[in-house]
Amino acid sequence: MPVSSLSKMSENPKAQMFDELKDARTVMLGDASRDSLLPMTPYIRDHDDSIYFFTRAETTIAQSAGAESRMVFVSKGQDYHAYVRGRMERVFDKSIRDEFWSPTLAAWYEGKDDPAMVVIQFHPDTADVWASTDNPLRFGFEIAKANMSKHDMPDVGGHAEVRF
């Protein structure tokens, strides 16, 4: 599991976000106009700025295709967080099903051509991302330094805004 890099966030926060997403087993995704998000597994291609999801036709995610959407995720190491705004689009490209087909997907569907399977492409527009150190020595040092000074806040991470 990769450790979030504070320098990578300042150099290329968009690339870092997609690298972190490749290791994410689950994100929370939903229509921005609804007051709920659903756990979904993201599928990432190296050559585009989209995130793909597989869902069943009857889900709110499938029904929300075309809507303004939100995605939230936390890395496995809990040292990277993202809040992503974008829109969902239903796609019918069979090559996407072929590219991402796996035993996990096969457990949910009756094959690649199951009419109940819907592929959603999430197009990010903007994101707020945060990375923090997982180095316990640095964390401890920053906490001790902040406690010795009334004016210093601990410096254990950073934030970036990403535009796609």
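Worth knowing before you read on, the calculation uses all heavy atoms, side chains too, and leaves out hydrogens, waters and symmetry mates. Just so you know, these numbers come straight off a predicted model, no measurement behind them.
- Judged purely by atom type and a 3.5 angstrom limit, Ser50 has no side-chain atom pairing as donor or acceptor with the backbone of His123.
- By the side-chain hydrogen bond (donor to acceptor under 3.5 Å, both in side chains) test, Ser95 is found to be paired with Asp93, residues two or more places apart in sequence or in another chain being considered.
- Residues forming a side-chain hydrogen bond (donor to acceptor under 3.5 Å, both in side chains) with Tyr83 (at least two apart in sequence, or on another chain): Arg70.
- For the pair Gln16/Val129, no side-chain contact is recorded, criterion being any heavy-atom separation below 4.5 Å from C-beta on.
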Could you please spell out the steps behind the salt bridge (Lys or Arg N to Asp or Glu O under 4.0 Å) verdict for Asp125 and Arg87?
-> CA-CA 8 Å; Asp125 292 326; Arg87 68 180 170 76; 5.7 Å; no
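- In this structure, the ring-ring contact (aromatic ring centres under 6.0 Å, His included) partners of Phe54, at least two apart in sequence or on a different chain, are Tyr43.
- More than 12 heavy atoms of other shown residues, nucleotides or ligands fall within 6.0 angstrom of atom CD in Glu58.
- Contact record, Ile120 with Arg90: CD1-CA, 4.1 Å, taken as the closest heavy-atom pair.
- Grouped with Val74 in a hydrophobic cluster is no other residue, since no side-chain heavy-atom contact under 4.5 Å to another Ile, Leu, Val, Met, Phe, Trp or Tyr is found.
- Every residue meeting the side-chain hydrogen bond (donor to acceptor under 3.5 Å, both in side chains) condition with Thr59, not counting sequence neighbours, appears here in chain and number order: Thr55.
- No donor-acceptor distance shorter than 3.5 angstrom exists from the side chain of Arg45 to the backbone of Glu99, with no hydrogens or angles considered.
- Phe53 is linked by a ring-ring contact (aromatic ring centres under 6.0 Å, His included) to nothing, counting only residues two or more places apart in sequence or in another chain.
- In terms of modelled atom types and a separation under 3.5 Å, the side chain of Lys22 and the main chain of Ile44 share no donor-acceptor contact.
- Ring geometry for Phe18 versus Phe164: interplanar angle over 60°, hence perpendicular rather than tilted (30 to 60°).
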